[in-house]
Amino acid sequence: MTQSDALSLINLVRERLGRAKDATSSLNRYEILLASAALDISLRELSAGDEARAGMTEALARLSPDAHQSPQAVLVNISQKIRKGQLDGDPAIFEALFEVAKINLGLSNPKFLEIETD
């Protein structure tokens, strides 16, 4: 399945869920809204895809000497060092992690970023 096919499928399911939520009980409506929210996040992640990954990789690359580590591996390594107090007072850590958090927030809850920038 191509990315375009996946996006089309997600949009189709979102549309169907939107129709179903109006015709169901409140419990089912809640479950439909949760599923719809999960689809929205997936859709944003697929749409942003490479751009979001590139932004995270770029931010984390400033913190890791090993350019071949995945962003997840870099985050695990940084988390372990933070717990041990090895990175206390390093402003580069805060800046990079803040940038990664903003990218993740933009995917999971972009409306929050709109409120913060107003």
Side-chain angles (χ1 to χ4, degrees):
M1 177 181 292
T2 66
Q3 183 173 351
S4 178
D5 291 339
L7 292 171
S8 295
L9 184 59
I10 288 173
N11 278 320
L12 177 67
V13 172
R14 267 183 55 214
E15 182 182 313
R16 301 285 183 195
L17 284 173
R19 289 185 205 153
K21 76 177 180 188
D22 297 328
T24 61
S25 70
S26 58
L27 179 59
N28 288 340
R29 181 171 158 50
Y30 176 73
E31 291 175 359
I32 288 171
L33 290 171
L34 286 177
S36 182
L39 285 172
D40 288 344
I41 293 169
S42 298
L43 186 60
R44 285 191 296 271
E45 286 189 16
L46 280 172
S47 296
D50 294 336
E51 184 179 329
R53 274 189 293 283
M56 283 190 244
T57 301
E58 182 181 322
L60 294 171
R62 298 190 300 260
L63 305 177
S64 176
D66 184 359
H68 301 292
Q69 278 189 321
S70 70
Q72 292 80 13
V74 173
L75 286 172
V76 167
N77 187 24
I78 290 169
S79 298
Q80 291 170 345
K81 288 180 179 182
I82 287 172
R83 284 188 203 106
K84 293 177 184 176
Q86 296 173 345
L87 301 175
D88 291 350
D90 186 344
I93 296 294
F94 175 80
E95 291 170 16
L97 293 179
F98 187 71
E99 194 172 325
V100 168
K102 282 183 7 184
I103 291 168
N104 282 324
L105 189 57
L107 295 172
S108 65
N109 191 0
K111 290 181 183 176
F112 183 80
L113 288 178
E114 292 171 12
I115 293 169
E116 289 296 302
T117 58
D118 288 346

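Throughout, residue positions are numbered sequentially from 1 according to the sequence presented. Values in this document were obtained by computation on a predicted structure and should not be read as measured data.
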Listed partners of N109 passing side chain to side chain donor-acceptor pair (under 3.5 Å), at least two apart = none
Considering all heavy atoms of both residues, which atom of A35 and which atom of L17 are nearest to each other, and what is their separation?
-> CB-CD1, 4.0 Å
V74 side chain near T57 side chain, heavy-atom distance below 4.5 Å | no
Rounded to the nearest 0.5 Å, how far apart are CD1 of I93 and CD1 of I78?
-> 5.0 Å
Determine whether Q80 and R83 make a side-chain contact, defined as any pair of heavy atoms from C-beta on separated by less than 4.5 Å.
-> yes
Residue pairs meeting ring-ring contact (aromatic ring centres under 6.0 Å, His included), one or both in residues 76-96, sequence neighbours left out, come to F94-F98
Supply the atom-to-atom distance D90 CG to E95 CD, rounded to the nearest 0.5 angstrom.
-> 9.0 Å
Looking at A59 and A96, what are the two nearest heavy atoms and their distance?
-> O-CB, 3.5 Å
Compile the donor-acceptor pairs under 3.5 Å between side chains in residues 36-44 and protein atoms, sequence neighbours left out, one pair per line.
residue, atom, partner, partner atom, Å
D40, OD1, R14, NE, 2.7
S42, OG, A38, O, 3.0
R44, NE, L107, O, 2.5
R44, NH2, L107, O, 3.1
R44, NH2, S108, O, 3.0

hydrophobic_cluster_shared for M56 and I82, side chain cutoff 4.5 Å | yes
